[in-house]
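Quick notes on the structure that follows.
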Amino acid sequence: MKRSICLKNATVGNVCEIADILLSTKQKKRLEVLGMNPGVKLQILNKKHSKAMIVYVRDTRFALGAGITANILVYKISESKG
Amino acid sequence: MKIVPKEAGAFMKEKTIRVALLGNPNCGKTTLVNAITGAKIKTGNWPGVTIEKKEAEFISRGKQVIFTDLPGIYSLDASRAEEKVAADYLKKEPPDIILNIVDAGHLEKSLYLTLQLMEQEIPMILVLNRIDIMPEIKQKVLSEKLENLFVLTVSATKKIGLDELLLAITQGKIPVAQTDFLKQMPYISKRYEYIEKITKQATENQKVKQERTDKLDQILTHPIFGVPVFFGIMALVFFLTFRLGNELSDVWEIIWNGISEIILHKLYKWQVQYWLISFISDGVLTGIGSVLAFLPNLCILFFALAILEDSGYMARVAYVMDGMLGHSLSGKACIPMILGFGCSVPAVMAVRTLESEEERKRVMMLIPFLSCSAKLPVYVLFSRMFFGKYAMYVSYSFYLLGIFFAICLACLMEQRREETRNELVMELPEYSLPRAENVFRYVLEKAGSYLKKAGTLILLASMVLWFFMNFNEQGMVEKNMSFAARAGKNLAIIFRPAGFGIWQMVVALIFGLLAKEMIVSSLALLYGSGSLFTSWNRELLKQQLQMQGFGMVSAYTFLVFCLLYVPCIATIATIYKESGSFWFTAKVVIGQLFFAWFAATFIYMIGTGF
């Protein structure tokens with residue numbers, strides 16, 4: 001069984017698959033509209049000490065605040081870029 | 001806002017076609033409208049440049065086509081202000097045709113909105129923009145998979161495919177999309193599964209090159225160096241504004257002096273009455289001239305801001321600054337604040353892109369602390385007069401001081417409810433080389449609006465000031481006995497603890513409420529120093545100020561007060577409009593007045609050793 005981690009704990013270069021989004025319904029829907037729904041792969045391009053991140057999802061870069069990355073659960077797929 | 005190119009109005013229109021442009025933020029909607037109609041609507045390489053609908057007209061094949069450029073959206077859910085504008089528009093004023101602009105480089109993310117738009121039952125064209133970066137995209141696959149949706153490819157920046165698009169619009173044979181297949185996909189995730197399949201087939205073996213963005217982001221959004229790099233870029237912008245702007249000012253000075261001399265020479269030659277010569281010389285030429293003196297500095301500032309906007313860096317600032325504004329504000333709040341370096345009015349309008357009302361109000365309170373371009377002439381004038389070779393650093397310090405005060409205030413703001421926090425979720429564009437056309441348009445628009453302001457508001461205010469500083473109820477009198485002097489002297493006592501309890505300064509600050517540039521022109525008028533173009537006139541003004549006990553410390557505290565005190569009337573009106581609350585607006589105005597006074601007094605006390 002795959003073990004999920006919090007997106008904020010993933011490191012730059014990791015490719016992850018979204019497992020679950022634990023945000024409010026409104027925020028969850030917002031992310032889903034942007035293409036970030038469970039099962040989708042994302043790559044971590046940049047990470048700040050505050051745990052805010054730049055991720056690459058569906059050919060697009062998104063900046064996500066720390067409050068968002070702390071509430072997205074992901075499965076780690078690979079360590080390398082690309 | 002309605003932009004009508006000259007050629008449009010001259011025709012008798014047989015038929016009007018209303019076309020609405022919808023698409024994700026930063027997909028090139030405005031660039032496309034500009035490319036087709038020749039309009040000059042502001043564009044930028046970052047999401048959220050268009051915050052309200054804008055219209056431009058064009059005549060094609062005898063038909064009047066009205067393009068409505070709507071704010072960029074990701075869905076029609078109307079949960080955000082910009083989505084509401086678009087959704088309301090489609091509901092209340094359904095257009096004849098929807099142009100769904102899709103960035104060919106971000107096909108997968110863009111098609112969710114496409115599916116929602118198809119459900120509107122309005123004839124629609126899917127316009128694949130930036131086809132130059134994805135030339136092999138399979139247009140036919142897209143069309144087939146989307147139930148024969150009309151698909152066209154264009155490049156708005158390179159003006160490719162525009163004729164075909166116009167032909168399709170004017171022929172009027174665009175079908176309403178079939179949406180039966182969408183009924184089987186009620187959930188967002190299901191729709192994205194479908195979109196994934198389509199895009200895989202349509203963009204087989206294609207990948208947009210992003211190495212450049214990756215490399216630049218390693219430096220510009222670095223977890224540690226990102227913030228110093230941002231301040232470094234701001235310093236560079238300011239260095240160019242100050243050094244290069246001052247060099248250009250010297251050339252500009254010769255031109256303006258020539259114009260002024262010709263006008264005055266003619267007036268003396270025609271033996272015009274003294275009061276009229278005084279009015280034109282002291283009121284009009286000095287008033288406008290003192291403001292125009294700083295046009296080169298401002299043009300350089302606008303040029304630098306345009307390059308930053310068009311390159312894609314501005315959107316990164318929101319990420320870099322996320323967390324810097326305390327827990328009550330997200331990095332997204334930085335976007336309106338960055339706009340505030342240009343002008344506070346569009347900056348306050350941009351707060352509508354923030355979701356929570358609490359956050360919108362907080363940002364509206366912070367924007368006036370930042371140095372808008374109208375404050376630059378005041379900084380440049382005083383720092384050049386009183387700080388010699390350190391003038392540039394002193395002027396830059398006010399940009400940093402404004403940011404510092406905004407951050408402090410943001411951190412102090414109580415976070416009343418957890419759910420009001422607006423977490424950063426923002427699309428970041430790819431970096432691109434700024435386009436000369438966009439940069440030129442930006443500078444021209446801003447410089448034009450500055451000149452317009454000088455020729456209207458500042459001219460009018462200078463005339464009013466000329467009257468108040470030369471007249472009282474007994475007629476034309478010495479400046480010292482005028483209406484302006486009387487009012488200024490009564491209020492001057494308040495500013496004595498801050499080091500500038502001088503009636504002329506007080507009057508200049510009052511007129512600065514109309515437009516901050518008025519502070520400069522008011523001082524030139526009140527001290528009779530002539531246009532502040534020349535170093536001689538500036539020296540004259542400095543000497544007069546020094547005789548009143550106004551030295552280096554007073555100059556600094558005066559500038560601190562100018563930085564922090566009440567924003568101009570246009571900004572106050574915008575705050576009222578956006579907040580919809582008289583009390584909130586009053587709170588901002590009174591709060592800033594007190595804050596500015598305390599800050600200036602505190603710095604004066606430190607500067608003079610209590």
Side-chain angles (χ1 to χ4, degrees), chain A residues 6-15 17-73 80-82, chain B residues 24 73-77 79-80 83 103 105-113 116 187-193 195-196 199 203 207-208 210 213-214 217-218 220-224 226-227 315-316 318-320 322-324 327 330-332 355 418-419 421-430:
Chain A
C6 199
L7 177 61
K8 71 172 185 179
N9 296 325
T11 50
V12 173
N14 282 170
V15 176
E17 183 185 315
I18 297 176
D20 202 358
I21 298 170
L22 311 172
L23 291 158
S24 67
T25 316
K26 194 180 164 191
Q27 283 176 312
K28 191 175 173 181
K29 194 173 177 195
R30 177 107 208 107
L31 291 182
E32 284 186 340
V33 159
L34 295 172
M36 285 178 254
N37 27 40
V40 170
K41 284 177 193 163
L42 55 83
Q43 187 186 342
I44 291 113
L45 300 175
N46 194 300
K47 182 179 171 184
K48 285 172 65 170
H49 294 295
S50 65
K51 313 293 180 194
M53 286 178 171
I54 298 179
V55 295
Y56 193 66
V57 192
R58 299 187 193 273
D59 292 339
T60 307
R61 282 156 214 274
F62 286 100
L64 302 177
I68 300 285
T69 59
N71 288 292
I72 297 178
L73 295 179
S80 63
K81 265 191 161 188
Chain B
N24 287 175
I73 51 169
Y74 293 103
S75 77
L76 286 174
D77 296 339
S79 60
R80 294 158 64 91
E83 286 172 359
D103 185 338
H106 301 287
L107 198 55
E108 199 173 327
K109 176 211 62 178
S110 312
L111 290 180
Y112 177 74
L113 176 67
Q116 281 196 321
Y187 303 112
I188 299 172
S189 55
K190 284 278 168 206
R191 291 195 171 193
Y192 262 111
E193 275 172 25
I195 290 166
E196 248 176 72
T199 44
T203 61
K207 193 124 182 95
V208 183
Q210 285 139 348
T213 297
D214 285 338
D217 264 346
Q218 277 176 11
L220 298 175
T221 61
H222 189 276
I224 298 165
V227 176
R316 263 78 184 174
Y319 174 71
V320 168
D322 187 54
M324 295 275 292
H327 293 295
S330 74
K332 205 176 172 193
E355 278 139 69
E418 186 65 24
E419 65 265 29
R421 192 151 126 189
N422 200 347
E423 285 295 343
L424 178 69
V425 179
M426 191 175 171
E427 185 185 336
L428 300 179
E430 303 294 317

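Sequence lines set the chain letters: A, B, ... in the order given, protein chains first and strands last, and positions in each chain run from 1.
Chosen from A:R30, A:K26, A:H49, the residue pairing most often with chain B at heavy-atom distances under 4.5 Å is A:R30. In terms of heavy-atom pairs under 4.5 Å with chain B, the best-connected choice from A:L64, A:T60, A:L31, A:I68 is A:T60.
No part of B:R191 comes within reach of chain A, as not one of its non-hydrogen atoms sits under 4.5 angstrom from that chain. Interface remark: B:Y192 contributes backbone and side-chain atoms alike to the contact with chain A (heavy atom separation under 4.5 Å).
Shortest non-hydrogen contact noted between B:P429 and B:A315 is CD-CB, 3.6 Å. Between B:Y319 and A:A63 the shortest heavy-atom distance is CD1-CB, 3.8 Å.
The CG atom of A:N14 lies 10.5 Å from the CG atom of A:N9; values are rounded to the nearest 0.5 Å.
A salt bridge links B:D77 with A:K29: the closest approach of a Lys/Arg side-chain nitrogen to an acidic carboxylate oxygen falls below 4.0 angstrom.
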